[in-house]
Protein chains: 2
Amino acid sequence: MNIGQASARSGVSAKMVRHYEAIGLLAAARSNNGYRVYGDRDIAVLRFIRHARDLGFPLEDVRRLLALWRDRGRASAEVKQLALAHVAALETKADSLRSMAASLRHLADHCHGDDRPDCPILEDLARKELGR
Amino acid sequence: MNIGQASARSGVSAKMVRHYEAIGLLAAARSNNGYRVYGDRDIAVLRFIRHARDLGFPLEDVRRLLALWRDRGRASAEVKQLALAHVAALETKADSLRSMAASLRHLADHCHGDDRPDCPILEDLARKELGR
DNA sequence: CTTGACCTTCCCATTGTGGTAATGCCCACC
DNA sequence: GGTGGGCATTACCACAATGGGAAGGTCAAG
């Protein structure tokens, strides 16, 4: 199987397949012509990576998860710990975005949004700061 | 005022002050020695940028907001529209992160997290896909 | 005159993905 | 035997926003 088909079957772009290989997540065999050759095992790996990415794991975490996955004797505790740390990071990030959205929505709620130039949003952005 | 003090008073790193200038958000005068020179007006602009960044506005939005801010006769409707679009983007992103976190937490909840290798998290990442 | 703090520009790294260009292989068709 | 189209290869460049650092100029105090 060449990279095009591997990409189609895994849902990972060919570009990214090469990239993942470049950073050592994947090792593909080469045929005589220099083309990368993939088997079902590789498709499984690529899908694994995609699923992990869909859950927002950064590639460095994916690397560790792959290592654990391949390690038949791993302790699930390690995986769980990694996952929970990531959950925490996701929630922190989500909270931060939510809080930005709330502040901004509050400002927008007090903005007439008509032809007049008067605007609490801009006023807030331009607010003076004490100290500094 | 040189860049160091402008940075201290605005809360924007000197590095970023130069960057904002490079992408045209800011124009600083130069003194004989080639040093950038800032006045109170520039500090206000830098603070404005920082506040907008704190609310998660990308720099392209900041550019527009700055233009509106400087435009004495702007319509607040434009600002409000920009703000609300950004609120929507923030919320979409936050929802996406929350949903990732929820999925992953669900998986983690069913993982023993002990010495045994059995792990639903890895099993899910490695799940087969129909079709494709 | 030296030292140290500050300034300058320029380059590199990050994270993950996409684009694009130049080039090469392979197969099918005439 | 050629030729064209589709797929492959590598090697760059780009994004957004920020930080890091090197190599050098400037200035004020000692």
Evaluate the side-chain proximity of [Y] to [X]: yes if any heavy-atom separation is below 4.5 Å, no if none is.
X	Y	value
S76(B)	D118(A)	no
L55(B)	H51(B)	no
R47(B)	L125(A)	no

**OP:** Rounding to 10 degrees, work out the angle separating the end axes of the helix from dC1(C)-dG30(D) to dC30(C)-dG1(D) (five pairs an end).
**Re:**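 Taking the rotation axis at each end, their angle is 40°.
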Subject >> Atom-to-atom span, CE of M1(B) to P of dC7(C) - whole angstrom >> reply: 12 Å
Original post:
H19(A) has an atom NE2; how far is it from atom C1' of dA11(D), in whole Å?
Top reply: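 Nearest whole value for this atom pair: 15 Å.
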Would you tell me if any nitrogen or oxygen in the side chain of [X] comes within less than 4.0 Å of OP1 or OP2 on [N]?
X	N	answer
R36(A)	dA8(D)	no
S13(A)	dT17(C)	no
R53(B)	dT18(D)	yes
N33(A)	dC26(C)	yes
Y20(B)	dT18(D)	yes
R18(B)	dG20(D)	no

Original post:
Given R9(A) and E129(B), is the salt bridge (Lys or Arg N to Asp or Glu O under 4.0 Å) satisfied, shown in steps?
Top reply: CA-CA 9 Å; R9(A) 283 187 47 197; E129(B) 285 171 32; over 6 Å; no
**OP:** Please confirm whether any donor atom in the side chain of K15(B) sits under 3.5 Å from an acceptor in the base of dG21(D), or the reverse.
**Re:**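 Side chain to base: pair found, below 3.5 Å.
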Original post:
Donor-acceptor pair under 3.5 Å: do we get one between Y35(A)'s side chain and the base of dG24(C)?
Top reply: yes
**OP:** Specify the residue among F57(A) and N2(B) whose closest nucleotide of DNA chain C lies further upstream toward the 5′ end.
**Re:**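 Checking each residue's closest nucleotide, the 5'-ward one belongs to N2(B).
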Original post:
Looking at residues at least two apart in the chain, or sitting in another chain, which of them share a side-chain hydrogen bond (donor to acceptor under 3.5 Å, both in side chains) with R98(B)?
Top reply: D95(A)
Return a table of donor-acceptor pairs under 3.5 angstrom between the side chains of residues 11-29 of chain A and protein atoms on other chains or two or more places apart.
| unit_1 | atom_1 | unit_2 | atom_2 | d |
| --- | --- | --- | --- | --- |
| S13(A) | OG | M16(A) | N | 3.1 |
| E21(A) | OE1 | R36(A) | NE | 2.6 |

Subject >> Nearest-neighbour nucleotide for the R30(A) side chain, dT17(C), dT9(D), dT18(D) considered >> reply: dT9(D)
Original post:
Is the cationic atom of R127(A) (NZ for Lys, CZ for Arg) positioned less than 6.0 Å from the six-membered ring centroid of W69(B) and within 45 degrees of its normal?
Top reply: no
